[in-house]
There are 2 protein chains.
Amino acid sequence: MARTTGSHSDITGPRIRDAALRLFARHGYAAVSMRQIAGEVGVQAGALYNYIPDKQSLLVELMRDHMVELLEAVPVDRSDPPLAQLEAFVRFHIGFHHARPDAVFIAYMELRNLEPGNFAEIEELRGRYEAVLERILRDGAGAGVFDVPDPKIATLAVIAMLTGVTTWFRAEGRLSLGDVQDQYWDMVRKSVMA
Amino acid sequence: MARTTGSHSDITGPRIRDAALRLFARHGYAAVSMRQIAGEVGVQAGALYNYIPDKQSLLVELMRDHMVELLEAVPVDRSDPPLAQLEAFVRFHIGFHHARPDAVFIAYMELRNLEPGNFAEIEELRGRYEAVLERILRDGAGAGVFDVPDPKIATLAVIAMLTGVTTWFRAEGRLSLGDVQDQYWDMVRKSVMA
DNA sequence: CTTGGGTTTGAATGGGTGTTCAGTTAAATC
DNA sequence: GATTTAACTGAACACCCATTCAAACCCAAG
């Protein structure tokens with residue numbers, strides 16, 4: 001067990017993931033080479049393979065980590081009324097995604113670069129997240145609070161709308177994150193209300 | 001001027017564009033090689049260069065054609081009341097995009113693979129399309145029909161929501177295109193109404 | 001039936017790809 | 001101070017990349 005304090009492995013590992021996240025988001029998985037990632041970390045390409053088995057695994061790991069983090073953070077309190085649950089979801093989605101634009105970008109854009117098995121895994125996680133919102137809408141519709149003929153469609157519509165925020169919102173811009181959350185919550189609320 | 005009837009150039013040209021559109025949408029611009037495109041057309045890679053100057057131009061052309069077609073097809077009748085204009089826009093957007101899933105995918109996903117000048121050109125076209133919706137919302141808000149604190153945000157929210165349809169809608173599925181248009185129109189209408 | 005030219009081939013150019021691995025470096029332990 | 005070993009280098013491997021171009025092909029026109 002030599003070399004624990006001075007070891008770099010606990011530094012280089014995360015740095016590789018950070019660099020890959022940024023580069024994949026900026027240029028796309030296929031357009032980024034292992035040499036570029038290594039360059040950002042300040043290491044030769046060969047060294048990356050002490051930390052990851054291959055390029056594809058690096059992508060899957062980034063996407064899985066993002067989705068798992070998302071699922072763990074999403075607020076679900078089934079004792080709250082549906083409207084309150086929906087508001088919590090909307091504000092959470094915007095806030096969470098805004099804090100991780102690169103991960104969001106990758107999770108939505110690089111699905112087609114996943115090998116079939118990996119694709120299925122990530123899609124399953126995404127499905128679980130969508131199910132959270134769908135359940136809220138279904139409960140609210142059942143209680144007569146919401147008017148959504150097809151909760152599945154409404155779920156996809158709302159998530160698409162909310163996720164779009166990451167493509168244009170910048171904290172330095174005209175509006176604060178709170179402003180954006182307020183206005184989106186207003187639109188979502190009205191769009192599903194009975 | 002020999003060889004007009006037996007010429008292939010009026011066949012091969014479009015076939016290259018078709019193949020590139022499908023392949024770029026499926027695998028991404030960076031992941032598709034000129035050899036793959038040529039293979040789909042049934043020709044050697046070198047032959048592509050009789051029709052396009054380079055790979056990047058092929059991408060730009062596909063994106064520009066899509067955006068120009070979109071801008072020419074979008075219904076704008078300023079004599080209609082804002083609500084009717086909005087409904088026409090919503091139904092048009094869903095219908096038009098549904099008919100060209102590959103072009104939509106490329107136009108939204110491959111922006112980062114454009115060189116700066118080309119990027120600016122495509123963004124300008126996209127801006128013009130967004131301006132159509134923004135104007136409708138602004139007019140309606142001015143007339144007191146709509147309640148949208150920030151028409152710019154509402155524009156982006158609505159477009160993101162509508163464009164999301166292409167990622168999941170399949171004509172063979174549970175719902176018809178008309179069903180989807182109806183429900184989306186219902187949600188959009190409610191979300192912006194005063 | 002030859003000619004001219006639009007069209008395509010097939011090879012070559014120079015460079016980049018992901019991945020492997022023997023060898024070197026340097027820090028922690030004994 | 002010697003030994004161990006995690007961490008990394010640098011070169012090599014086999015292959016793919018976009019693009020160019022002289023040569024071959026093929027067919028309408030004359």
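A:Leu23 pairs by the side-chain contact (heavy atoms from CB on, under 4.5 Å) definition with A:His27, A:Val32, A:Gln36, A:Ile37, A:Glu40, not counting sequence neighbours. For A:Glu124, the salt bridge (charged side-chain N to carboxylate O under 4.0 Å, His left out) partners are A:Arg128, not counting sequence neighbours. Every residue meeting the salt bridge (charged side-chain N to carboxylate O under 4.0 Å, His left out) condition with A:Glu110, not counting sequence neighbours, appears here in chain and number order: B:Arg112. Taking B:Asp18 as the reference, nothing meets the salt bridge (charged side-chain N to carboxylate O under 4.0 Å, His left out) condition, with sequence neighbours excluded. When the side-chain contact (heavy atoms from CB on, under 4.5 Å) test is applied to A:Thr166, the partners found at least two apart in sequence or on another chain are A:His97, A:Val104, A:Thr163.
Computed from coordinates, the B:Tyr49 OH to C:dA12 P distance equals 19 Å when rounded to whole Å. Between A:Leu58 atom CG and C:dG18 atom P the separation is 11 Å, expressed in whole Å. Atom-to-atom, CD1 of A:Ile11 to P of D:dA6 comes out at 17 Å; the value is rounded to the nearest Å. Nucleotide D:dC8 holds its P atom 13 Å from the CD1 atom of A:Ile52, rounded to whole Å.
At D:dA7, none of the side-chain N or O atoms of A:Thr12 fall inside 4.0 Å of OP1 or OP2 (strictly under the cut-off). Note on A:Tyr51: a side-chain N or O is less than 4.0 Å away from OP1 or OP2 of D:dC8.
Sorted by first and then second residue, the ring pair (Phe, Tyr, Trp, His ring centres under 6.0 Å) pairs involving residues 144-181 of chain A (not counting sequence neighbours) are A:His98-A:Phe169. Residues in residues 100-119 of chain A take part in no ring pair (Phe, Tyr, Trp, His ring centres under 6.0 Å) pair, two or more places apart or across chains.
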Using distance only, find each side-chain donor-acceptor pair of residues 185-194 of chain B under 3.5 Å and give its atom names and separation, not counting sequence neighbours.
| unit_1 | atom_1 | unit_2 | atom_2 | d |
| --- | --- | --- | --- | --- |
| B:Asp186 | OD1 | B:Arg189 | NH2 | 2.4 |
| B:Lys190 | NZ | A:Asp147 | O | 3.4 |
| B:Lys190 | NZ | A:Ser191 | O | 3.3 |
| B:Lys190 | NZ | A:Met193 | O | 2.9 |
| B:Ser191 | OG | B:Met187 | O | 3.4 |
| B:Ser191 | OG | B:Val188 | O | 2.8 |

Donor-acceptor pairs under 3.5 angstrom involving side-chain atoms of residues 79-89 of chain B: please list them, not counting sequence neighbours.
| unit_1 | atom_1 | unit_2 | atom_2 | d |
| --- | --- | --- | --- | --- |
| B:Ser79 | OG | B:Asp77 | OD1 | 2.5 |
| B:Gln85 | OE1 | B:Arg135 | NH1 | 3.4 |
| B:Gln85 | OE1 | B:Arg135 | NH2 | 3.2 |
| B:Gln85 | NE2 | B:Asp77 | O | 3.4 |
| B:Gln85 | NE2 | B:Asp80 | O | 2.9 |
| B:Glu87 | OE2 | B:Arg91 | NE | 2.9 |
| B:Glu87 | OE2 | B:Arg91 | NH2 | 3.3 |

Yes or no on side-chain hydrogen bond (donor to acceptor under 3.5 Å, both in side chains) for A:Asp150 and B:Gln183, after CA distance, side-chain angles and deciding distance? CA-CA 8 Å; A:Asp150 190 312; B:Gln183 186 163 342; 5.4 Å; no
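Scanning all heavy atoms of the two residues, the minimum distance from B:Ala103 to B:Leu21 falls at CA-CD1, 3.9 Å.
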Please list, pair by pair, any protein nitrogen or oxygen found under 3.5 Å from a nitrogen or oxygen in nucleotides 15-17 of chain D.
| unit_1 | atom_1 | unit_2 | atom_2 | d |
| --- | --- | --- | --- | --- |
| D:dC17 | OP1 | B:Ser33 | OG | 3.1 |

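Contacts between residues 22-29 of chain A and DNA chain D, counted as heavy-atom distances below 4.0 Å, involve no residue at all. Residues from residues 40-48 of chain B placing a heavy atom under 4.0 Å of any atom in DNA chain C, listed by number, are B:Val43, B:Gln44, B:Gly46, B:Ala47.
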